[in-house]
Undergrad: 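Input: one structure, supplied below.
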Amino acid sequence: MLIRSRDDGLVHPISSEITPRAVYEQRRDLLRLMATGAAGAALAGWAGREAMAQTQNAGGKLAPLPGAKSNVPGAQVMEKVTDYKDATTYNNFYEFGTDKADPAKNAHTLKTRPWTVEVEGLVKKPGTYGIEDLIKLSAQEERVYRLRCVEGWSMVIPWVGYSLAELIKRVEPQGNAKYVEFVTLADPKTMPFVGSRVLDWPYAEGLRMDEAMHPLTLLTFGMYGEVLPNQNGAPVRIVVPWKYGFKSAKSIVKIRFVEKEPGTAWNKAAANEYGFYSNVNPDVDHPRWSQATERRIGEPGGLFAKRRKTLLFNGYEAQVGQLYAGMDLKKFY
Ligand SMILES: Nc1nc2c(c(=O)[nH]1)N[C@H]1C(S)=C(S)[C@@H](COP(=O)(O)O)O[C@H]1N2
Ligand SMILES: [Mo]
């Protein structure tokens, strides 16, 4: 049975028909164990855990947003997906606080309906899109991307959305549109830290037109088969997998096509530390720390935690390297 919720128009299956996330994750883990032949012990505790997970997840589900497995080259990283719990409790979303745990605690005040995204600037077809129409504009795809923060941690997340290029083609940029700027919500009533001076609000980001048009640049509405949790940038964010996480602006309200390189939140805050391009680059250190390695969130931590080598363009060099051919990446960091 499907019920239509009045506030967001998305279809929610009633809870008895959906698989709670914890159960789904355990099943996935079990399948992995079976592949390695270590399933016996795991099976023993299975029934009890499933029952427990059912109660733990009661009422905690977000609206489903399934996406077909994307076949865009580079869209399926073959690494262990970060646990949902980690991906939704270790966040950067400064509008809700600067501590990693703050967004999960505070972002429940964000109102994601009604929500509109204005497409404006140097385009032949500017317009205001209601979020439901924007979601339906193209087919949803699931893409498993790495997300690496400039701070030196990373995750692997199954995002749901479609290539930003789909929207860009529809609005028909004019010849002089060279950059795309993303402006996010800055609402002091629902975002407790927008009153602070940590950043110059609204948080804004930008991409060069060819970066924005690259098929890997994802206009993102969901993750793990559901709509985005507020703390991860609901109802719509960008994910640019080869750039440091801060290029992936959350809770977007304006997409603006401009001629000149737009200012960006982190570049305004500290220009010597955060450049416009911000491509993941193990060879260009942050002025205060190395970018050569990273810690995968969810892996055993502590002082002796194993760090991974950071890959050029976050491992997407084959797909995006040509965008920067001939550019001095130390100068354009
Ligand atoms: N509006 C907004 N978007 C934002 C941020 C922010 O503070 N505000 N932080 C950025 C940073 S620094 C990172 S690493 C990613 C984190 O995304 P996640 O919390 O979903 O992992 O969001 C980016 N987008
Ligand atoms: Mo970040």
Side-chain angles (χ1 to χ4, degrees), residues 62 81-107 109-110 112 115 117 143-161 181-188 190-194 196-207 217-224 226-255 263-270 273-275 278-280 286 288-289 291 294-298 310 314:
L62 301 179
V81 164
T82 299
D83 285 349
Y84 182 81
K85 184 103 204 311
D86 290 322
T88 56
T89 55
Y90 191 93
N91 301 104
N92 272 338
F93 199 166
Y94 274 29
E95 289 83 338
F96 296 101
T98 54
D99 193 87
K100 295 288 174 288
D102 285 345
K105 282 186 215 148
N106 299 333
T109 53
L110 177 67
T112 59
W115 191 279
V117 177
R143 307 203 180 164
V144 181
Y145 285 170
R146 296 181 198 89
L147 181 122
R148 189 197 186 281
C149 180
V150 72
E151 296 164 316
W153 49 267
S154 63
M155 303 193 200
V156 175
I157 295 182
W159 303 104
V160 181
E181 185 183 5
F182 306 94
V183 182
T184 72
L185 184 71
D187 175 19
T190 56
M191 299 173 138
F193 274 66
V194 161
S196 79
R197 290 182 186 189
V198 206
L199 287 173
D200 180 10
W201 316 104
Y203 189 103
E205 260 303 338
L207 294 171
T217 300
L218 193 67
L219 192 61
T220 308
F221 305 95
M223 55 194 265
Y224 299 81
E226 295 181 356
V227 297
L228 289 168
N230 288 356
Q231 61 268 35
N232 291 78
V236 55
R237 69 178 291 173
I238 282 289
V239 180
V240 195
W242 67 95
K243 292 180 183 270
Y244 292 116
F246 64 90
K247 294 297 282 183
S248 297
K250 294 172 163 182
S251 305
I252 293 169
V253 292
K254 277 189 187 132
I255 300 179
T264 67
W266 283 102
N267 185 252
K268 283 187 203 166
E273 300 188 12
Y274 310 104
S278 306
N279 290 317
V280 173
H286 182 278
R288 290 183 280 138
W289 60 80
Q291 293 291 7
E294 68 199 52
R295 178 170 73 89
R296 183 62 50 84
I297 298 301
T310 286
N314 208 18

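A quick note: this is a predicted structure, and the numbers were derived from the prediction, not measured. We number each residue from 1, following the sequence as shown. Order of listing sets the numbers, starting from 1, for every ligand and every atom in it.
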Undergrad: For ligand 1, which atoms, with element, lie under 4.0 Å from some heavy atom of F93?
TA: 1 (N), 2 (C), 6 (C), 7 (O), 8 (N)
Undergrad: So which protein heavy atom does atom 11 (C) of ligand 1 come closest to, and at what separation?
TA: F246 CA, 3.5 Å
Undergrad: If the cut-off is 4.0 Å to any non-hydrogen atom of C149, which atoms of ligand 1 fall inside it?
TA: 14 (S)
Undergrad: Of the protein's non-hydrogen atoms, which lies at the shortest distance from atom 18 (P) of ligand 1, and what is that distance?
TA: K250 NZ, 3.4 Å
Undergrad: Quick one: look up the protein heavy atom nearest atom 9 (N) of ligand 1 and list residue, atom name and how far away it is.
TA: N92 O, 3.3 Å
Undergrad: Any side-chain heavy atom of W266 within less than 4.5 Å of one from L199?
TA: yes
Undergrad: Set out, in order, the CA-CA distance, both residues' side-chain angles and the distance that settles side-chain hydrogen bond (donor to acceptor under 3.5 Å, both in side chains) for N106 and E95, then state yes or no.
TA: CA-CA 9 Å; N106 299 333; E95 289 83 338; over 6 Å; no
Undergrad: Of all the non-hydrogen atoms in the protein, which one sits nearest to atom 20 (O) of ligand 1, and at what distance?
TA: R237 NH1, 2.6 Å
Undergrad: Checking side-chain contact (heavy atoms from CB on, under 4.5 Å) between R148 and each of K243, R296, M155, E294, which is the one that passes?
TA: E294
Undergrad: Of the side chain and backbone of E95, name the one, both, or neither that has a heavy atom under 4.0 Å from an atom of ligand 1.
TA: side chain
Undergrad: Determine whether the side chain, the backbone, both or neither of N91 has a heavy atom under 4.0 Å from any heavy atom of ligand 1.
TA: both
Undergrad: Kindly confirm or rule out an N or O of Y94 lying under 3.5 angstrom from an N or O of ligand 1.
TA: yes
Undergrad: Would you please test T310 and Q291 for side-chain hydrogen bond (donor to acceptor under 3.5 Å, both in side chains) and show each step?
TA: CA-CA 7 Å; T310 286; Q291 293 291 7; 5.9 Å; no
Undergrad: First locate atom NZ of K100, then atom OH of Y90, and finally report the distance between them rounded to the nearest 0.5 Å.
TA: 5.0 Å
Undergrad: From the options F93, F221, W159, select the one residue that forms a side-chain contact (heavy atoms from CB on, under 4.5 Å) with R237.
TA: W159
Undergrad: Counting C-beta onward and ignoring hydrogens, is there a side-chain heavy-atom pair between V194 and D187 closer than 4.5 Å?
TA: no
Undergrad: If you count the atoms of ligand 1 from 1 in the order shown, which ones are under 4.0 Å from a heavy atom of N232?
TA: 20 (O)
Undergrad: Answer whether the closest heavy-atom distance between the side chains of F182 and K247 falls below 4.5 Å.
TA: no
Undergrad: Can you confirm whether N314 sits close enough to Y244 that some side-chain heavy atom of one is under 4.5 Å from a side-chain heavy atom of the other?
TA: no
Undergrad: Determine whether the side chain, the backbone, both or neither of E151 has a heavy atom under 4.0 Å from any heavy atom of ligand 1.
TA: neither
Undergrad: Indicate, as side chain, backbone, both or neither, the part of Y203 found under 4.0 angstrom from ligand 1 when only non-hydrogen atoms are considered.
TA: side chain
Undergrad: For ligand 1, is any non-hydrogen atom under 4.0 Å from L185's backbone (N, CA, C, O), its side chain (CB onward), both, or neither?
TA: neither
Undergrad: Which of the listed options, G245, P103, S248, holds the heavy atom that is closest to atom 13 (C) of ligand 1?
TA: G245
Undergrad: Please compare V150, I252, L147, T88 and report which has the shortest non-hydrogen distance to atom 21 (O) of ligand 1.
TA: L147
Undergrad: Could you tell me whether the side chain of M191 reaches within less than 4.5 Å of the side chain of T109, counting heavy atoms only?
TA: no
